[in-house]
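All values below come from the heavy atoms of this structure, side chains included, with hydrogens, waters and symmetry mates left out. Keep in mind the model is a prediction, meaning the values are calculated, not measured. In what follows, chains carry the letters A, B, and so on, assigned in the order in which the sequence lines appear, proteins first and then strands, with residues in each chain numbered from 1.
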2 protein chains.
Amino acid sequence: MPKLSTAKGLREIQLADNIFSALAHPTRRQILLSVHYRGVCNAGEIASRFDCSWPTTSRHLSHLVKAELLWVQSSGRERIYRANTRLIQSVLQQWTQYFE
Amino acid sequence: MPKLSTAKGLREIQLADNIFSALAHPTRRQILLSVHYRGVCNAGEIASRFDCSWPTTSRHLSHLVKAELLWVQSSGRERIYRANTRLIQSVLQQWTQYFE
DNA sequence: TATATATTTAGCGTATTGGCTAAATATATA
DNA sequence: TATATATTTAGCCAATACGCTAAATATATA
């Protein structure tokens with residue numbers, strides 16, 4: 001378990017905080033899965049797959065980016081998203097282990 | 001991945017929703033770990049370990065119970081909590097696998 | 001350069017969350 | 001039975017979350 005008393009522990013806690021709050025919304029979980037399975041997606045592709053408006057999806061995307069669960073990259077006027085699969089897995093695995 | 005079109009899938013989605021929203025709060029994650037490591041805890045023991053008021057902790061507890069991450073059992077005037085380690089692990093593992 | 005396209009940001013309104021204190025409930029003890 | 005103890009529930013309030021539409025920004029195309 002991370003310790004509040006070390007810089008590393010603090011960062012880990014902050015990370016967990018962002019990640020679990022990002023995963024708390026069903027649409028965000030879906031976005032994450034969807035981007036993961038497709039490998040790469042631009043904002044429009046993602047937005048088109050969900051019921052909510054594009055701006056709303058856009059905010060979900062920035063939430064996920066802030067949590068470092070997604071990476072963005074600009075390409076012309078498009079924004080390319082990719083899932084940070086390694087982080088997602090490592091955090092989930094880590095927390096699985098806490099309960100072993 | 002669970003499907004919205006089947007009863008089982010729907011239940012799984014609902015489960016994930018409760019679980020991830022329960023895990024979204026740092027205090028609730030701490031409670032969960034704390035109860036897990038101690039094996040069994042009554043409400044007072046748990047409440048005493050956190051900064052927030054007992055009623056606030058109590059609400060966190062019911063949130064966790066609703067998500068089935070904790071089990072409660074009454075014993076006299078005490079309420080005994082236990083972590084549903086199996087569920088926690090299976091959900092986290094499941095989601096880890098989605099990203100494999 | 002003017003316009004179209006891709007996307008985010010701003011701003012607003014409502015719903016939910018999470019904190020608190022006080023009150024209620026249930027059980028144990030004197 | 002009256003009181004003390006353990007705990008939850010009720011009710012209030014401020015902050016946050018999340019939906020929307022309209023506006024802003026950045027890049028591509030005519």
Side-chain angles (χ1 to χ4, degrees), chain A residues 4 13-35 38-83, chain B residues 4 13-35 38-83:
Chain A
L4 270 165
I13 284 164
Q14 188 55 56
L15 213 66
D17 225 48
N18 288 336
I19 288 171
F20 282 110
S21 89
L23 290 174
H25 197 286
T27 301
R28 285 194 295 268
R29 288 196 300 277
Q30 287 305 314
I31 289 175
L32 205 53
L33 281 172
S34 171
V35 173
R38 282 170 170 80
V40 200
C41 285
N42 63 41
E45 285 166 352
I46 299 168
S48 73
R49 273 189 237 103
F50 292 90
D51 288 336
C52 53
S53 72
W54 187 333
T56 295
T57 303
S58 185
R59 186 157 43 182
H60 283 312
L61 287 170
S62 31
H63 203 145
L64 289 164
V65 168
K66 192 190 157 205
E68 300 177 40
L69 293 170
L70 286 184
W71 283 311
V72 220
Q73 186 185 352
S74 290
S75 163
R77 60 191 159 182
E78 295 185 1
R79 304 267 285 164
I80 310 294
Y81 291 88
R82 225 175 290 263
Chain B
L4 270 166
I13 284 164
Q14 190 54 57
L15 213 69
D17 224 50
N18 289 338
I19 287 170
F20 282 109
S21 90
L23 291 174
H25 198 285
T27 301
R28 285 193 296 264
R29 288 195 300 275
Q30 287 305 313
I31 289 174
L32 205 55
L33 280 172
S34 171
V35 172
R38 282 169 171 82
V40 200
C41 284
N42 63 39
E45 285 166 353
I46 299 169
S48 73
R49 276 190 233 102
F50 292 89
D51 289 336
C52 54
S53 72
W54 187 334
T56 295
T57 303
S58 184
R59 186 155 44 179
H60 283 312
L61 287 171
S62 30
H63 203 146
L64 288 164
V65 168
K66 192 189 157 205
E68 301 176 40
L69 293 169
L70 285 183
W71 283 310
V72 220
Q73 186 185 352
S74 291
S75 162
R77 58 191 160 184
E78 295 184 1
R79 301 269 284 165
I80 310 294
Y81 290 88
R82 226 175 288 265

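- Rounded to an integer number of Å, the gap from CZ of A/Arg28 to C1' of D/dT16 is 12 Å.
- Atom CG in B/Asn18 sits roughly 15 Å away from atom C1' in C/dT17 (whole-Å rounding).
- Here B/Leu61 contributes atom CG and B/Leu69 contributes atom CG; the two are 11.5 Å apart, rounded to the nearest 0.5 Å.
- Whole-Å rounding puts the A/Leu61 CG to C/dA6 C1' distance at 13 Å.
- When every heavy atom of B/Leu23 is checked against every heavy atom of B/Arg29, the shortest pair comes out as O-NH1, 2.7 Å.
- Going from atom CG of B/Leu64 over to atom C1' of D/dT8 covers 15 Å, rounded to whole Å.
- With a cut-off of 3.5 Å on both pairing distances, the Watson-Crick or G-U wobble partner of C/dA28 is D/dT3.
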(message) Protein within reach of the bases, or only the backbone? For nucleotides 19-30 of chain C, mark each nucleotide 5' to 3' as B, S or -, using heavy atoms under 4.0 Å.
(response) BBBB----BS--
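- Here the straight-line distance linking atom CZ of B/Arg28 with atom OG of B/Ser21 works out to 6.5 Å at 0.5 Å rounding.
- Side-chain contact, B/Gln73 with B/Arg82: a donor N or O sits under 3.5 Å from an acceptor N or O.
- Summarising the geometry, atom CD1 belonging to B/Ile31 is positioned 7.5 Å from atom CG belonging to B/Leu70; distances are rounded to the nearest 0.5 Å.
- Within the 3.5 Å criterion, the main-chain N or O of B/Thr56 finds a donor-acceptor partner in the side chain of B/Ser53.
- Distance NE2 (B/His63) to C1' (D/dT7): 19 Å, rounded to an integer number of Å.
- Between the NE2 atom of A/His63 and the NZ atom of A/Lys66 there is a distance of 6.5 Å, given to the nearest 0.5 Å.
- If you check every strand for non-hydrogen atoms under 4.0 Å, A/Tyr81 touches sugar and phosphate atoms only.
- For the pair A/Glu45 CD and C/dT5 P, the interatomic distance rounds to 17 Å; values are reported in whole Å.
- The base-pairing partner of C/dC12, taking Watson-Crick or G-U wobble contacts with both distances under 3.5 Å, is D/dG19.
- Distance A/Ile46 CD1 to C/dT8 C1': 14 Å, rounded to the nearest Å.
- Straight-line distance from the NZ atom of B/Lys66 to the C1' atom of C/dT16: 12 Å, rounded to whole Å.
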